[in-house]
Amino acid sequence: MDDCGRLSKCFVVLFNIVIGIGGAAMLGLGLWLRFSSETRGFFDINLNTQQFVIGVTVLIVLGIILLLLAGVGHCGACNGNKAALTVYSALLGVMAGVMIAAGVLAYMNSNEVGKQLAEFYMTIYMQYLNKGDPSLVITLKLFHNLLDCCGIGGSLEPLIRDTCPKKSIFDFSTSSCPKAIAVLFSTNSSLLLGCFVGAAIVMVFSCFCACLLSAAISRSRLYPFRNAYLRLPTTSPAHYGSLS
C-alpha cells in the first residue's frame, strides 16, 4: 500500500475510535435512563414525560448507529475489506446528509427545539429531586457543564449544587438551565447550524479517505510487487565499469 493509502487508513481508524467512544457513551447513558428503576415508568403512555422518552430513544438509536458505523469502518480499514469500506462510505454519506438536514431544521425551528429540550431538562430535574437516581445525576451534570447553568434557579440551587459547575462562593453568574437553553437556541442558532455542518464536513472527509483507502487496496492487489520493485537497489554505470 502506498503512503496515501496508509495516511487514509490512519485517519479512518482515528475517526472510528472517536465515533465509537461517542456511540458507546450515548448508548450506555440511554440504556441506563431507559431501564433504571427510577425512570422505567416514564416509558408508559404518559404525555407529561413525552420529551424525556423521545430524548432517551434518540440517544439509544444514535448510539447504536454510531457503534455500527465504527465497527464497519474498523473492519474495512484494518482488514482491507473493500465491501466494508463501501458500506462505511455509504453510511457516512447518509449520516452527513442527515446531519445537514437536522441542522437546517433546528435552525428554522430553533424556538420549538429549545422549548422541547427545556421540557426534557425539567423532567429530569424534577425526577432527580424526587428520587435522586444516579443516572439522572450524570445527565444533569452534562447539561450543567455544557451550558454553564444550574437547575431552574441559577446559582441559588442548594438541592442540586453538587451537579453544577464549580464556582467560587462569591460567584452568582450561573443562570438557570431553562433560560440558558432558550438563549442558546434563540441567539446562537447560526452557531448550532455551523456545528451540524462542521460535523457533516468531517464525515464527508472521512468518506473521502475511505474511498482513497479502497483505491489503494485495489492497487496493492493489482500490483502486489510494485513497491518491492521500486525499492530494489540499482547499480550505477560507474560500478559496471569497475567490474570490467
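- Side-chain contact check for Phe120 versus Leu117: some heavy-atom pair is nearer than 4.5 Å.
- The SG atoms of Cys177 and Cys149 lie less than 2.5 Å from each other.
- Note: the hydrophobic cluster containing Leu62 does not contain Ile100 (ILVMFWY, side chain heavy atoms under 4.5 Å, direct or indirect links).
- Note on Ile17: it does not cluster hydrophobically with Leu67, by side-chain heavy-atom contacts below 4.5 Å among ILVMFWY residues.
- Between Val204 and Leu92, every side-chain heavy-atom pair lies at or beyond the 4.5 Å cut-off.
- Annotation for Leu212 and Ser8: closest pair CB-OG, 3.5 Å, computed over non-hydrogen atoms.
- Side chains of Tyr88 and Cys75 form no contact here, defined as non-hydrogen atoms less than 4.5 Å apart.
- Heavy atoms only, all atoms of each residue included: Lys9 and Ala77 are closest at CE-O, 3.2 Å.
- A donor-acceptor pair under 3.5 Å is formed between the side chain of Thr86 and the backbone N or O of Lys82.
- In this structure, SG in Cys209 is found 11.5 Å from CG in Leu85, a value given to the nearest 0.5 Å.
- The heavy-atom pair separating Ile60 from Leu31 by the smallest distance is CG1-N, 3.9 Å.
- In plain terms, the two heavy atoms of Ala210 and Ser89 that are nearest each other are CB-OG, 3.5 Å.
- Under a hydrophobic clustering in which Ile, Leu, Val, Met, Phe, Trp and Tyr are joined whenever their side-chain heavy atoms come within less than 4.5 Å, directly or via other members, Met26 and Leu91 fall into the same cluster.
- For the pair Leu142 and Asn145, the minimum side-chain heavy-atom distance is 4.5 Å or more.
- From Leu69, atom CG reaches atom CE of Met203 across 7.5 Å, with rounding to the nearest 0.5 Å.
- Under a hydrophobic clustering in which Ile, Leu, Val, Met, Phe, Trp and Tyr are joined whenever their side-chain heavy atoms come within less than 4.5 Å, directly or via other members, Met95 and Val197 fall into different clusters.
- The nearest pair of heavy atoms linking Val72 to Ala84 is CG1-O, 3.3 Å.
- Using a 4.5 Å heavy-atom threshold, the side chains of Lys115 and Asn111 count as separate.
- Summarising the local packing, OH of Tyr107 is surrounded by 12 or fewer heavy atoms from other residues, nucleotides or ligands at distances under 6.0 Å.
- Partner Leu27 forms a side-chain contact (heavy atoms from CB on, under 4.5 Å) with one of Ile65, Ile64, Val61 and no other, that one being Ile64.
- Cluster annotation: Phe15 and Ile21 are assigned to distinct hydrophobic clusters (Ile/Leu/Val/Met/Phe/Trp/Tyr, side-chain heavy-atom contacts under 4.5 Å, transitive).
- Here the CD-CD1 distance, from Glu119 to Ile181, works out to 10.5 Å after rounding to the nearest 0.5 Å.
- For the pair Tyr125 and Phe143, the minimum side-chain heavy-atom distance is 4.5 Å or more.
- The backbone N or O of Leu140 lies less than 3.5 Å from a partner atom in the side chain of His144, making a donor-acceptor pair.
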